[in-house]
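Atoms within a ligand are numbered from 1 in the order they appear, just like the ligands themselves.
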Amino acid sequence: MYYESNTEKNSMATSNLTSRRDFLKAGALAGIGASVLPSAKALGEIYPPAKNRVAGPVAISSANGRRTVLKAMEVIQSGADAIDAVVAGVNLVEEDPNDSSVGYGGLPNEEGVVQLDSCIMHGPTSRAGGVGAIEGIMYPSKVARLVLQRSDHVLLVGKGAQKFATMHGFEVEDLLTDHARERWVKWKENLSDRDDYLPPHDPSDKNVGQNFSPEERHMGTIHCSAIDLSGNISGVTTTSGLSYKIPGRVGDSPIIGAGCYVDNEIGAAGSTGRGEANLENLCSFLIVERMRMGDSPQDACLFACQRIADHTKLARLQDDQGRPNFNVKFYSLNADGVVGGAEIWGGEGTFSVADADGGRLEPLAYLYKRA
Ligand code: ASP
């Protein structure tokens, strides 16, 4: 079940909910250990519980991941590795035709083709996988996990990524829903002089570029990180990326260190929002490194927001006070199970969290308050 706040959560009777202790006990009784973790078997390797730690279980996601975190917790509760939990969680959004920012139903590129990006990282092995600009595959997060598990590579793109997916039994499907097609046609009809191409220009010129308003330029992505019953951490990010992008454009979501990063001893981080800004600052890696230096997850996310603000130097990307005129959001958890998130522009932003007591929305910290 979902609580709207911590207060509500705390005031709810927990009698009908599984407590964290019962949760862990149930796992112990069921004989859940490293040797029976499903993905450990799938990989032919054994991941021992993370050292000196019984944190979690916990799952975090972007605000559009309310069902995602609950699903991830359900999978964790069955004894699975966090990597399988986060993938199962984001699959719900990838296959949802009503989420126009991820997977099936995602808004297409400027030619009307849905191109998807995803990456995943597995804490116990520090291995990563990703796919960029993949077409026709509804679950790019599953393909990213396959790249990690069944190739010696980290990132496959375009046709090669699709071929790798079909080789492993994925079907190529038409991912453009009528709703997404109609929105794309409307964009073509009304906004076709506003695209992502820039003429040669003076960097101090504010008027160059498109500066799409959020209504014109839909963004969105889903990230999910989790700690499993063994205290091991994984994270995944998946998206259809920026709507009406130049074909072949790859955002931050499939790039390890930008869209997602995990260090099993430290924590995990992931992002949504303007991918170009995150690509230039590799913020998921930065957040994990800040946590290594002692920052809380929330402070580390705020640090990354500030880094982007400091590095946003072009006039076309600034408001009249020199602040970024776009948003980026970060979500993080540390190895002790503490969660946090922050965005550049906020006030009412939230992120999804689930632990053994159920799900809730937590507020995102912010650098600047939205008017
Ligand atoms: N970060 C995604 C990208 O740039 C988009 C988003 O999250 O809105 O592709």
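Between Trp187 and Tyr244, the ring-plane angle classifies as parallel under the 30° and 60° cut-offs.
Geometrically, ligand 1 and Gly241 share no nitrogen or oxygen pair separated by less than 3.5 Å. Between Asp252 and ligand 1, a contact under 3.5 Å exists for at least one N or O pair.
Between Leu116, Leu279, Thr221, it is Thr221 that holds the heavy atom closest to atom 2 (C) of ligand 1. For atom 4 (O) of ligand 1, the nearest non-hydrogen atom from the set Lys245, Arg249, His223 belongs to Arg249. With distances taken over non-hydrogen atoms, the option nearest atom 1 (N) of ligand 1 out of Gly273, Ser253, Gly275 is Gly273.
Take Leu282 and apply the side chain to side chain contact (heavy atoms under 4.5 Å, CB included) test, not counting sequence neighbours, and it matches Ala258. Every residue two or more places apart in sequence or in another chain that forms a side chain to side chain contact (heavy atoms under 4.5 Å, CB included) with Cys119 is listed here: Ile256, Cys260.
Under 4.0 Å from ligand 1, the heavy atoms of Leu242 that appear belong solely to its backbone.
The Thr272 neighbourhood of ligand 1 comprises atoms 7 (O), with distances under 4.0 Å to a heavy atom of that residue.
Residue-ligand proximity: Glu276 is placed with every non-hydrogen atom at 4.0 Å or more from ligand 1.
We find that Asp299 and Arg290 are not joined by a salt bridge, their nearest charged nitrogen and carboxylate oxygen being 4.0 Å or further apart.
Side chain of Gln115 to main chain of Pro247: no donor-acceptor pair is present (N/O by atom type, distance under 3.5 Å, no hydrogens or angles).
Annotation for His153: atom NE2 does not count as buried by contact number, only 12 or fewer foreign heavy atoms lying within 6.0 Å.
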